[in-house]
Q: 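The following block contains the structure, expressed as structure tokens.
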Amino acid sequence: MTRELQTRYDPHGVEERWQRTWEAEGLYNADPDPTRTPYVDAHPPPNVTGELHTGHALQLAIGDTVVRMKRMQGFNALFQPGYDHAGISTQNVVEIVLVSEGTSRQEIGREAFEARVWDWLHEYGGKILFQFRRMGASLDYRRTRFTMDDAYIRAVMRFFVHLYRRGWIYRANRIINWCPHHETSLSDLELEHHDVDDTISTIRYPLADGDGYIAIATVRPATIPADVAVAVHPDDERYQHLIGREVIVPWVERRVPVIADDRVEREFGTGALKVTPGHDPTDFAIGRDHGLPEPSCIGADGRVTAPGLEGLTQKEAEERILAWAKERGQLEDREHYRHSVAVCERCKTRIEPRISLQWWCAMDEIKQPALQALRERRIVFHPESQHRFAIDSLEHAPDWNISRQIWWGHQIPVWTCPGGHLTVEEDEPSACAECGSAQLTRETDVLDTWFSSALWPFATLGWPDETSDLAYFYPGDLQTTAREIIRLWENRMIFCGLELLGEIPFSDVVIHTTVLARDGRRMSKSLKTGIDPLELIDKHGTDATRYGLMKNSLTQDVRFSDAALEEGRKLSNKLWNASRLIITVCEGAAPAERPSSLEERWILARLSQAQRAAERLIGEYDFAHLTDELYHLTFDDFCDWYLEAVKERLYGGDMAARATATAALERLLKLLHPVMPHVTEEIWSHLPDRTTRLIVASWPQVGDESEAGALSLVQEYAQVFRRSGVVPRLDGDEQRIFDAVVKPARAPQREPGNAEAERDRLRNEIARAERSLANERFVANAPADVVAGEREKLDRYRRELDAIGNT
RNA sequence: GGGCGGUUAGCUCAGCUGGGAGAGCAUCUGCCUUACACGCAGAGGGUCGCAGGUUCGAGCCCUGCACCGCCCACCA
């Protein structure tokens, strides 16, 4: 039944076939089963608007690798898929489509707009799942959730009402970041900062009670009509005499006080600041502390509303005001000024700080249990530096602005009656809870998209219902995510899980690296530096892509390189061919007798050792060293050393050797499967008498070919080395023994041409070791084993030098 | 302006609590040896960013500097 196997492994076709097979056979599925221990990774739901990018691919590879090992180890592994409605970004994308059709959101109205978004969603939501599948991600696709499906809406409403009844939700006027394009508030986290070329104007504000003026530098003269004060630093000697007096604001000719506040920078501009609480965050803070009014002169659309300037753009208003000032000799100076301004990260429109009535969630109380969980390390972020960052950012988390003035999202469940009473209910109430009025209007704002994502680990399991899924799979275990999302999402999932269910949602958070473009820049759509993972899969295959992306450490951002993926492809090809040899030669071999030859005992010991290393590395989320270990295990130890050593015996009909080779291959495949699931499953299917798929095969037990055994084998190995000249890769103690026992045996074989260089090296080493040992402080202070090691080295170098002839 | 990370071979990166500078790719040499030429055997290649310091000993610890990247930030 041996089939003809190609000499070159081609992942195309093979990988998709296994993806379909695994899913069709239900091997990705996880259901509550009291006899097994659950392991849960609720995979971050990507934005429906997005295509999968390289970061997602890495994220899937990491999560899937861990999940696959856990599954083989007997855990009931749930890998939860889904996607996110992503409020503003989705609305933005659909709006762009509407504009291209010559219409707009406003024109078609809210209901029709929402319908359009749903259409769009049905088209693109599936694309994400397709991309998940092509990465070989063993997600339970039956459980795919969307953050705005009916059940999810219920969870979000429950959450809002819960917070409201706890007294943590409030409505308040605050200065917020306003996007005039989307006409919505944005959190600080939804901004980008860009440097722009601007103009700074110095304008004189005349004193109200006589001659003189205060000159003020501003980049935004258009906001002058909303000035309510002029502020100077309390210790600024230039202005001491003016504090408490009044100046006249240009254009509106209103008298405002001169106040002192230490937030004013004396060195900036003229050292005097016009205070405009309605349009600047600093000014807002100063105004609140001084009890100043908060007028506005710019509307929601970014146009000016001040008297005499109604409907003008800010640029136009600025020109009018400056002309007005110039006429009166109050315009002192205008000069070029480059500075950083906040823009909307979605549409790049310049942010308008604006006072607005918003919904907020108070953070003080809700975050405490989460902080405790992090400090007690019941939840651990990896790497460690991100753990500190998570704690720090949660400690300093300001109140959460949860309302957005857009159409796409979860509408806030608050109803208002004509009497102004608020009714807060999960479902639409029939009458005002306070006065009974049936004339209720619902709040039009929607919730911040992260308000719903925060529920992901348990809303996906059926919360707020007490489902068997929830009881069995919650709390979960793993989260894998990008750095920039820690404050937006990870921290919020943690405090929500603790608040609503009383338990942490997961125990480990892996913050993976940012994969940079080939040129070191950030991957971004707008820069066209992004790399589509589907292209990588087409070019290198899924297994190679997973391997290549995971070959990065967690601590350092890394440039994307095709070489790493190419290495993965070579590894799968090597494995394929090694397997081909064993499968074609060893068919029908008798069950393994106890292996007797050194090579066989050696490889089994190496496999045990590598397995322990792999388990440890996955446990530490150190995927860079995991891939390294697997690569060298396969290439150096399994193929170049073991197979080369036993090949002749396999051909020669040694049945015991054949059985051992098959057994060793099985174990190798199991170790590689989490990282490279497809090629290993493909090979597995060609092994004789397969009754189960590799994906659900049991993880090997480390038996009596353990490390101690392996180490003792090294002694024997030295003889093999002398016989065959094959050099295996060794670690730790083995390496030391190898150096002590094997290398000296090798020295005489060196080329005569190199002998002189070798003598020099050895003489240097001997001199160095002698110096160390002659150093009393070294002998007294260095650790005993270091000193002993130095003596050993000295002996060894002397022996080696004698061996090649000390001329 | 703060915080974090980085700087090691031509390239992409490892280097664990200080004790003989590594991998893969690329280059060079020899091999189409019947699993694999996407292979095998070998070789060359590094002032570990710069300057100080601690130590018997520093890629690793301390100080300062330079450059790169990310995050945060109210200099109008």
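Excluded from the calculations below are hydrogen atoms, water molecules and symmetry mates; all remaining heavy atoms, backbone and side chain alike, are included. Convention: sequence-line order gives letters A, B, ...; per-chain numbering from 1.
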Q: Establish, with yes or no, whether the OP1 or OP2 oxygen of B:C38 is under 4.0 angstrom from a side-chain nitrogen or oxygen of A:R569.
A: no

Q: Judged by modelled atom types alone, do A:S393 and A:R487 share a side-chain donor-acceptor pair under 3.5 Å?
A: no

Q: Quick one: label A:S561 by what it contacts on the DNA or RNA (base, sugar-phosphate, nothing), any heavy atom closer than 4.0 Å.
A: sugar-phosphate

Q: Side chain of A:T282: nearest nucleotide among B:C74, B:C36, B:G15?
A: B:C74

Q: Just how far, in rounded Å, is P of B:U33 from CG of A:L643?
A: 18 Å

Q: A:R487 side chain N/O closer than 4.0 Å to the phosphate oxygens (OP1, OP2) of B:C72?
A: yes

Q: Considering only atom P, compute the distance from B:C50 to B:A58 and round it to an integer number of Å.
A: 15 Å

Q: Would you say A:T481 and A:E490 make side-chain contact, with heavy atoms under 4.5 Å?
A: yes

Q: Considering only B:C38, B:C40, B:A76, which nucleotide approaches the side chain of A:V219 most closely?
A: B:A76

Q: So which one's nearest nucleotide on RNA chain B is more toward 5', A:I216 or A:E484?
A: A:E484

Q: Would you call A:R220-A:E352 a salt bridge at under 4.0 Å N-O?
A: yes

Q: B:A23 P sits how many Å from A:D622 CG, rounded?
A: 18 Å

Q: Figure out the CZ/C1' separation between A:R388 and B:C4, and round it to whole Å.
A: 9 Å

Q: Within the structure shown, what part of the strands sits under 4.0 Å from A:K647 by heavy-atom distance: base, sugar-phosphate, or nothing?
A: base

Q: Grab the CD1-C1' distance between A:I486 and B:C72 for me, whole Å please.
A: 13 Å

Q: Report the distance from atom CG of A:L565 to atom P of B:C25, rounded to the nearest whole Å.
A: 14 Å

Q: Identify the heavy atoms of A:P277 and A:I175 that sit nearest to each other, and give their distance.
A: O-CD1, 3.3 Å

Q: Which one, B:C38, B:A23, B:A76, comes nearest to the side chain of A:K570?
A: B:C38

Q: Is A:R334 paired with A:E318 through a side-chain N to carboxylate O contact shorter than 4.0 Å?
A: yes

Q: Reckon A:F638 touches a base, only the sugar-phosphate, or nothing at all at heavy-atom distances under 4.0 Å?
A: nothing

Q: Applying a 4.0 Å non-hydrogen cut-off, can you work out what A:A578 is touching in the nucleic acid: base, sugar-phosphate, or nothing?
A: base

Q: Given the C1' atoms of B:C11 and B:G46, what is the spacing between them in whole Å?
A: 14 Å

Q: Would A:K570 and A:E566 pass as an ion pair if we require N to O under 4.0 Å?
A: no

Q: With respect to the side chain of A:N573, which nucleotide from B:C36, B:C25, B:A76 is positioned closest?
A: B:C36

Q: Taking the same atom, C1', in B:G49 and in B:A9, what whole-Å distance lies between them?
A: 15 Å

Q: Any idea which of B:A14, B:A76, B:C40 is nearest the A:H625 side chain?
A: B:A14

Q: Under a 3.5 Å threshold, yes or no: a donor from one side chain and an acceptor from the other, between A:E567 and A:Y631?
A: no

Q: Only Watson-Crick and G-U wobble pairs with both distances less than 3.5 Å should count. Give RNA chain B in dot-bracket notation, marking inter-strand partners with |.
A: (((((((..((((.....[..)))).(((((.......))))).....(((((..]....))))))))))))....

Q: Pick the P atom in B:C62 and in B:U55, then give their distance to the nearest Å.
A: 16 Å

Q: Do A:H686 and A:E682 meet the criterion of a side-chain donor-acceptor pair at a distance under 3.5 Å?
A: yes

Q: Taking atom C1' in both B:A23 and B:G15, compute the distance separating them and give it to the nearest angstrom.
A: 10 Å

Q: If you check every side-chain atom of A:K574, which of B:C70, B:A76, B:C40 has the closest atom?
A: B:C40

Q: Among the nucleotides B:C40, B:C25, B:C71, which one has an atom lying closest to any side-chain atom of A:F389?
A: B:C71

Q: Could you tell me how far apart A:D392 (CG) and B:A73 (P) are, to the nearest whole angstrom?
A: 12 Å

Q: What is the distance, rounded to the nearest whole Å, between atom CG of A:D283 and atom C1' of B:C75?
A: 11 Å

Q: Taking atom P in both B:G5 and B:A43, compute the distance separating them and give it to the nearest angstrom.
A: 39 Å

Q: Between B:A41, B:A76, B:C70, spot the one nearest the side chain of A:L273, thanks.
A: B:A76

Q: What integer number of Å spans the C1' atoms of B:U47 and B:G42?
A: 28 Å

Q: Determine the interatomic distance between P on B:G18 and the same-named atom on B:G59; round to the nearest Å.
A: 13 Å

Q: Output the single nucleotide from B:A76, B:A41, B:C36 whose closest atom is nearest the side chain of A:N577.
A: B:C36

Q: Main chain of A:V509, side chain of A:H382: is a donor-acceptor contact present, judged purely on distance under 3.5 Å?
A: no

Q: In whole angstrom, what separates A:H396's NE2 from B:G2's C1'?
A: 12 Å

Q: On RNA chain B, nearest-nucleotide positions of A:L581 versus A:Y631: which is more 5'?
A: A:Y631

Q: For the pair A:E615 and A:R612, find out whether any cationic side-chain nitrogen is under 4.0 Å from an anionic carboxylate oxygen.
A: no

